[in-house]
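Structure first, commentary second.
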Amino acid sequence: MDRVLRDQRFLEPFFRKMQESKVKLHMGRPCVPVDQCLRLMYLKHAYQLSYESLVREVSDSIKWRTFYGFSMADKLPDPGTLVKLTRSSGPKW
């Protein structure tokens, strides 16, 4: 899965979608890079986690932090930010 999530051909449609939705995504919430957001959504779906559980699990795991591109010093996105990003990106996400 890591290889797929690094492939620019896979990421390009998501980058385009984020550019189209740029105004909606910057309403006072910190920006989450597209690749990190996709990795988090993959984990959420694969393990059937809530947004809150997702952030908690990634926060507590060095392995998952590394896979998802967060250092130990990085603050993870708020669950509400992930909800907003997912909803504002439309049903195709």
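None of these values were measured; they are calculated from a predicted model. Values reported hereafter were calculated over all heavy atoms of this structure, with side chains retained and with hydrogens, waters and symmetry mates removed.
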task = State, yes or no, whether a side-chain contact exists between V55 and D78 at a heavy-atom distance under 4.5 Å.
result = no

Would you confirm whether R39, through its side chain, and F67, through its main-chain N or O, come within 3.5 Å as a donor-acceptor pair? yes

**Request:** Decide yes or no on side-chain contact (heavy atoms from CB on, under 4.5 Å) for K44 and L82, but give the supporting numbers first.
**Result:** CA-CA 11 Å; K44 180 186 181 308; L82 294 174; over 6 Å; no

Answer yes if the side chains of R56 and S59 hold a donor-acceptor pair under 3.5 Å, and no otherwise. no

Discussion item. Between T66 (side chain only) and I62 (backbone N and O only), is there a donor and an acceptor less than 3.5 Å apart?
Written reply: yes

Subject >> Exam field: side chain R65 to backbone F70, donor-acceptor pair closer than 3.5 Å >> reply: no

One should read off an interatomic distance between S50 OG and E57 CD, to the nearest 0.5 angstrom, of 9.5 Å

Taken to the nearest 0.5 Å, the spacing of L40 CG from L76 CG works out to 6.5 Å

Output for pair (L54 CG, Q48 CD), nearest 0.5 Å, gives 13.0 Å

State plainly whether one hydrophobic cluster holds both Y47 and M41, where clusters connect Ile, Leu, Val, Met, Phe, Trp and Tyr through side-chain heavy atoms under 4.5 angstrom apart. yes

